Amino acid sequence: MYGPDGKKYLDLISGVSVSNTGHNHPKVVEAIKAQVDSYTHLMVYGELILSPQIKYAQQLAEILPAQLNTCYFVNSGSEAVEGALKLAKRFTGKSRIISFRNSYHGSTLGALSIQGSELYRNAFRPLMPDTFQIDFNDEKSLDFIDSKTACVIVEPIQGEAGVISPQNNFLKKIRSRCNETGSLLIFDEIQTGFGRTGFMFATDRFGVVPDIILLAKALGGGMPLGAFISSNEIMSALVSNPPLGHITTFGGHPVSCAAGLASLNVIIEENLVESCNLKSSLFKEKLKHPLISGVRGEGLLLAIQLSDPVYVPYIVAKAHNYGLILDYFLFCNNALRIAPPLIIKEEEITLACQMLQMLLDDAAKNVMKK
Ligand SMILES: Cc1ncc(COP(=O)(O)O)c(C=O)c1O
């Protein structure tokens, strides 16, 4: 990235896991221009068949597990969450929704109601009723999933919690509990999708197939786009009684779909998923410093754990002076987020780690510890 003065920045955040193919990838820009030249918005969703939506939905169905073959495009991650919660309630005829502490699913009222942070939820009560949070990686808490539960929504790797991976087949255990209780399993892959964790989707990584998958962020190749995707049988619950059970004016905007499809093709053609794990190891190997107590995460979704949270705000703010774009996590105050575009080159990783080390030296010298 370049500032208005021409200063260069190494982007280690990707607009929070959006720009997986970098900024202004020529193939993505070309697809956007071609679509703008052809048409932009024509009609609200469904009355006219818009080929960019169809082509992209077909491509997604090809790379997702077989039963995730019916795609409803929306405008954002939060909207994908809203659509999925409605779909689960409608399909199961139940109302209870289970999510996880420290999860992040978006800022609309429904998404906020299931978010795993009391700090954020409390300020906006009353929220949606019949929502409950349980602990991630706590097998015992799965007993809360019962026959009244419409769905369980989970990030396969918790992002804002500071990149927390499931342990001891936790996702498999959620899947089997949902099967026992007749509840739908929703994977929020809004942050983990499109190669970010070293697999095209985290569902591939853990060998667990949800009933509904949520995509956004990198889905639009830098343009706004979200989707909830399920089997045709489940999605059909939105077709009748009432008809048009979910409506969106701009969802699946043709320009966003054209950009997203071009970006996905770049991920596939440039083998960005395959190279992600090597790049991940390089970061882990090079990120050594007295202030660093550990680096965790999968693929290029990493958290640098610092010895003290006091350093985090200073480092994130000062990063710009060192030509780095860095960020923190919403629910983990002692870690730095590393989620660069998947196109980052090995020499750029080396350079980024050198710059980070200088920045950490600066923090060690200048941040006053209480
Ligand atoms: C896991 C997850 N779900 C949902 C969302 C909400 O997406 P959006 O900001 O596009 O509404 C985010 C955004 O950060 C996210 O990380």
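In each ligand, atom 1 is the first atom listed, and ligand 1 is the first ligand listed. Note that the structure is a prediction, hence the values are computed from the model and not measured.
Using the six-membered ring where Trp is involved, Phe228 and Tyr72 have ring planes that are parallel, under 30° apart on the 30 and 60° scheme.
Inspection of the Gln191 and Ser17 side chains reveals an N or O donor paired with an N or O acceptor under 3.5 Å.
The contact shell of ligand 1, taken as protein residues with any non-hydrogen atom closer than 4.0 angstrom, comprises Ser76, Gly77, Ser78, Tyr104, His105, Gly106, Glu155, Asp188, Ile190, Gln191, Lys217.
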Tell me which donor-acceptor pairs under 3.5 Å the side chains of residues 316-325 have, and how far apart each pair is, sequence neighbours excluded?
unit_1 : atom_1 : unit_2 : atom_2 : d
Lys318 : NZ     : Tyr314 : OH     : 3.2
Lys318 : NZ     : Asp362 : OD2    : 3.0
Tyr322 : OH     : Asp362 : OD2    : 2.7

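In terms of the side-chain contact (heavy atoms from CB on, under 4.5 Å) criterion, residue partners of Tyr120 (sequence neighbours excluded) are, by chain and number, Leu112, Gln115, Ser117, Leu330, Phe331. Looking at residues two or more places apart in sequence or on another chain, you find a side-chain contact (heavy atoms from CB on, under 4.5 Å) between Glu348 and Leu10, Ile344, Lys345.
When Thr131, Thr149, Asp146, Ile114 are each tested for a side chain to side chain contact (heavy atoms under 4.5 Å, CB included) with Ile98, only one passes: Thr149.
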